[in-house]
Amino acid sequence: MSNAPAAPFARPELLSVIIPARDEEGCIVSTVEGLHATLSARAIPHEIVVVDEGSRDQTWAVLSDLRTRLPALAPVQNLGQHGFGRAIIHGLDNSRGDAVIIFMADASDAPSDVVVYWEKLCEGWDCVFGSRFIKGGQTYDYPRVKLLMNRVFNFFIRVIFKLSLNDTTNAFKAYRRHVIDGCRPLIAPHFNLTVELPLKAIVRGYTWTVVPITWRNRRTGEAKLKIKEMGSRYFFICMYVWLEKSFSRGDYRKPARKP
Ligand SMILES: Nc1nc2c(ncn2[C@@H]2O[C@H](COP(=O)(O)OP(=O)(O)O)[C@@H](O)[C@H]2O)c(=O)[nH]1
Ligand SMILES: [Mg+2]
């Protein structure tokens, strides 16, 4: 955890939940409806920005239909180059909230954890990171090899960045908009964006806190993360941010608060 937020701070006014989706016709409707129901019940002002790109199934058609019934849904299509990171950047560029949460389409993240993230942002934190591997955190059905790779890579990140956070690689995290803007340009086109964002936010001096979260493996559709393809890309982006931390003399840190 970084230094606590300095008061006074403004509560965020609108939450944008960004959901990347490729070939998720089997689960996207229930994911969006479940999230919307939870956020509405807690009176959290929100929009849900689902970013479809390159889906070969009916994902875009079901989103277009759902939108007519659910005004908080703002689906967009990324017609440019594809990739998980590019989809999230497209969603960030096409959302309005002063707070953003990245959430998965396959219902692996819990809407109740989104509420906790929002409450922490309202306390004044710049970023809220979930961990599945601290007291109170849980995973269901995590594929064994993926879990092993995950723990090895997160350990590597902890060592080179001297971090207490032990679940950096999970995309499901919350940021105030000024953090996202302060981390630009975002350069990771694929799943490696999941580490570019939190590591840059930490290295650039934004405040962050950690809460326990629950994750469950998808029950429909196909997992898209291919560890073999991603290993060197994760390593690249880690070293990129590590070089910034070690040698840039703070040139990219967040601007100092005005007294
Ligand atoms: N728009 C878009 N979404 C993607 C892409 N790859 C994965 N996703 C979405 O990102 C989320 C995480 O992918 P998933 O397959 O569940 O990853 P895994 O569980 O780590 O294997 C899901 O919501 C996917 O639909 C992509 O290339 N473009
Ligand atoms: Mg998944």
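On a predicted model such as this, the values are computed, not experimentally measured, just so you know. First listed ligand is number 1; within each ligand, the first listed atom is number 1. No hydrogens, no waters, no symmetry mates; every other heavy atom, side chains included, goes into these values. All residue numbers in this chain count up from 1 along the given sequence.
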What atoms in ligand 1 come closer than 4.0 Å to a heavy atom of [X]?
X: Arg218; result: 14 (P), 15 (O), 16 (O)
X: Ala223; result: 15 (O), 21 (O)
X: Glu53; result: 1 (N), 2 (C), 26 (C), 27 (O), 28 (N)
X: Glu222; result: 15 (O)

#### Entry: Stacked cation flag Arg151 on Phe133, 6.0 angstrom / 45 deg
yes
Counting only nitrogen or oxygen atoms and a 3.5 angstrom limit, does [X] reach ligand 1?
X: Asp52; value: no
X: Phe191; value: no
X: Met104; value: no
X: Val51; value: yes
X: Ala21; value: yes

### Query
Within the distance-only criterion (no hydrogens, no angle test), does the side chain of His90 pair as donor or acceptor with the backbone N or O of Gln77 below 3.5 angstrom?
yes
### Task
Give a yes or no answer on whether the side chain of Glu47 reaches the backbone of Ser95 with a donor-acceptor pair at less than 3.5 Å.
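No, the answer is negative, given that no donor and acceptor are paired below the 3.5 Å cut-off.
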Between [X] and [Y], does any side-chain N to carboxylate O distance fall below 4.0 Å?
X: Asp167; Y: Arg132; value: yes
X: Glu119; Y: Arg42; value: yes
X: Glu33; Y: Arg69; value: yes

### Query
Less than 6.0 Å separating the ring centroids of Tyr117 and Phe172?
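Yes, the ring centres sit under 6.0 Å apart.
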### Task
State, to 0.1 Å, how close Phe161 and Trp242 come at their nearest heavy-atom pair, and which atoms those are.
CZ-N, 3.6 Å
### Task
Give the minimum heavy-atom separation between Ile28 and Ala105, together with the two atoms involved.
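Result for this residue pair: CD1-CB, 3.7 Å.
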### Query
For Arg218, which of Asp106, Asp109, Asp23 qualifies under salt bridge (Lys or Arg N to Asp or Glu O under 4.0 Å)?
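Of the listed residues Asp106, Asp109, Asp23, the salt bridge (Lys or Arg N to Asp or Glu O under 4.0 Å) partner of Arg218 is Asp106.
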Look at ligand 1 and say whether [X] reaches it with a heavy atom at a distance under 4.0 Å.
X: His82; value: no
X: Arg86; value: no
X: His190; value: no

### Task
Can you sort out the partners of His46 under ring pair (Phe, Tyr, Trp, His ring centres under 6.0 Å), two or more places apart, ordered by chain and number?
His36
### Task
Apply ring-ring contact (aromatic ring centres under 6.0 Å, His included) to Trp215 and Tyr142, showing your working.
CA-CA 8 Å; Trp215 182 93; Tyr142 209 126; 4.6 Å; yes
### Task
Compute whether any side-chain donor of one residue and acceptor of the other, for Ser55 and Asp52, lie under 3.5 angstrom apart.
yes
### Query
Heavy atom under 4.0 Å from ligand 1: found in Ala87's side chain, backbone, both, or neither?
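Side chain only.
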### Query
How does Glu24 reach ligand 1, if at all, at less than 4.0 Å between non-hydrogen atoms: by side chain, backbone, both, or neither?
side chain
Among all the protein's non-hydrogen atoms, which is closest to [atom], and how far away is it?
atom: atom 15 (O) of ligand 1; value: Lys224 N, 2.6 Å
atom: atom 9 (C) of ligand 1; value: Pro20 O, 3.4 Å
atom: atom 19 (O) of ligand 1; value: Asp106 OD2, 3.9 Å

### Query
Can you list the protein N, O or S atoms less than 2.8 Å from the Mg ion (ligand 2)?
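Asp106 OD2, with waters left out.
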